[in-house]
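Working notes, beginning with the structure itself.
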Amino acid sequence: KQEVTQIPAALSVPEGENLVLNCSFTDSAIYNLQWFRQDPGKGLTSLLLIQSSQREQTSGRLNASLDKSSGRSTLYIAASQPGDSATYLCAVRPNDYKLSFGAGTTVTVRA
Amino acid sequence: NAGVTQTPKFQVLKTGQSMTLQCAQDMNHEYMSWYRQDPGMGLRLIHYSVGAGITDQGEVPNGYNVSRSTTEDFPLRLLSAAPSQTSVYFCASSYSGQVGEEQYFGPGTRLTVT
């Protein structure tokens with residue numbers, strides 16, 4: 001059974017600092033990994049989707065890397081802003097329809 | 001496009017009551033799914049559907065029923081509510097469910113069972 005872990009559970013940084021969020025998974029037989037953002041009381045918004053054949057994916061200030069062999073992905077957010085405060089979740093997709101989610105990292109960016 | 005919509009946003013039930021959580025999407029997506037989110041546990045898959053008339057169980061299906069009569073709608077039925085079903089429920093969809101497809105989520109339904 002795929003286990004997805006996100007450490008730390010919570011993170012607080014001053015504005016302008018770069019954010020590094022970690023996601024690890026136990027079964028490397030995945031097809032893709034997706035990073036989501038969740039604001040309090042809201043649904044999930046997709047940030048980046050990395051296919052298993054890719055090493056990284058970038059969108060604006062966001063960069064996600066994937067190392068399948070070691071079962072790790074990292075989400076980098078450059079020059080953090082208070083608007084980046086949210087919970088960030090990663091989810092891995094095996095060769096079926098069932099996403100496995102981590103519990104998330106709650107980020108607070110202090111102005 | 002409204003995307004993925006869910007109703008109601010909030011619901012309080014008594015133990016033993018039944019209800020249906022509604023989910024609809026207007027993106028002509030074949031694949032739809034239901035998750036529940038509990039504190040500290042991430043999202044867990046309840047049921048999913050790869051097209052009209054086709055459904056299958058996820059990780060935590062007990063106590064829930066689904067059906068898919070149209071491409072647009074995927075309701076989740078709680079047969080006899082229990083306090084353990086207190087949770088936030090999310091519906092998601094993607095174009096085909098094939099690997100590589102991005103998932104789109106609804107805003108969620110917050111359910112409390114007393």
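All values below were derived from every heavy atom in this structure, side-chain atoms included, with hydrogens, water molecules and symmetry-related copies excluded. Nothing here was measured: the structure is a model prediction, and the numbers come from that model. Letters A, B, ... are given to chains in the order of the sequence lines, protein chains preceding strands, and every chain is numbered from 1.
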request  = Report the relative orientation of the aromatic rings in Phe105(B) and Tyr35(B); use parallel for angles under 30°, tilted for 30 to 60°, perpendicular for over 60°.
outcome  = tilted

message = Looking at every non-hydrogen atom in both residues, tell me the closest pair between Ala78(A) and Arg61(A) and how far apart they are.
response =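 In this case the closest contact between Ala78(A) and Arg61(A) is O-NH1, 2.8 Å.
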
task = Considering non-hydrogen atoms only, spot the tightest contact between Gly3(B) and Asp26(B) and give its length.
result = N-OD1, 3.0 Å

message = For a side chain to side chain contact (heavy atoms under 4.5 Å, CB included) check, start with the C-alpha distance between Leu45(B) and Leu43(B), then their side-chain angles and the critical distance, and finish with the verdict.
response = CA-CA 7 Å; Leu45(B) 182 65; Leu43(B) 278 78; over 6 Å; no

For the residue pair [X] and [Y], establish whether any side-chain heavy-atom pair is separated by less than 4.5 Å.
{"X": "Leu48(A)", "Y": "Ser59(A)", "result": "yes"}
{"X": "Asp56(B)", "Y": "Ser49(B)", "result": "no"}
{"X": "Arg44(B)", "Y": "Gln37(B)", "result": "no"}

Regarding [X] and [Y], is there a side-chain donor-to-acceptor distance under 3.5 Å anywhere?
{"X": "Ser46(A)", "Y": "Gln34(A)", "result": "yes"}
{"X": "Ser69(A)", "Y": "Asp67(A)", "result": "yes"}
{"X": "Ser73(A)", "Y": "Trp35(A)", "result": "yes"}

ask   = Taking everything shown except Met41(B) itself, do over 12 heavy atoms lie less than 6.0 Å from its CE?
value = no

ask   = For chain B, which residues from residues 2-12 of chain A lie under 4.5 Å away (heavy-atom distances)?
value = none

Any residue of residues 101-111 of chain A which, by heavy atoms, sits under 4.5 Å from chain B = Phe101(A), Gly102(A), Ala103(A)

ask   = Which region of Leu44(A), side chain (C-beta onward) or backbone (N, CA, C, O), has a non-hydrogen atom less than 4.5 Å from a non-hydrogen atom of chain B, or is it both or neither?
value =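 Contact with chain B: backbone and side chain both.
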
ask   = Non-hydrogen atoms of chain B under 4.5 Å away: do they reach the side chain of Leu99(A), the backbone, both or neither?
value = both

note = Taken in chain and number order and not counting sequence neighbours, the residues that satisfy side chain to side chain contact (heavy atoms under 4.5 Å, CB included) with Ser53(A) are Gln51(A)

Lys1(A)/Asp27(A) salt bridge by N-O under 4.0 Å criterion = no

remark   = Residues of residues 58-87 of chain B with a heavy atom under 4.5 Å from any heavy atom of chain A, in residue-number order, are Glu59(B)

message = Donor-acceptor pair, distance only, cut-off 3.5 Å: does the side chain of Ser80(A) make one with the backbone of Glu17(A)?
response =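 Judged by distance alone, yes, a pair lies under 3.5 Å.
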
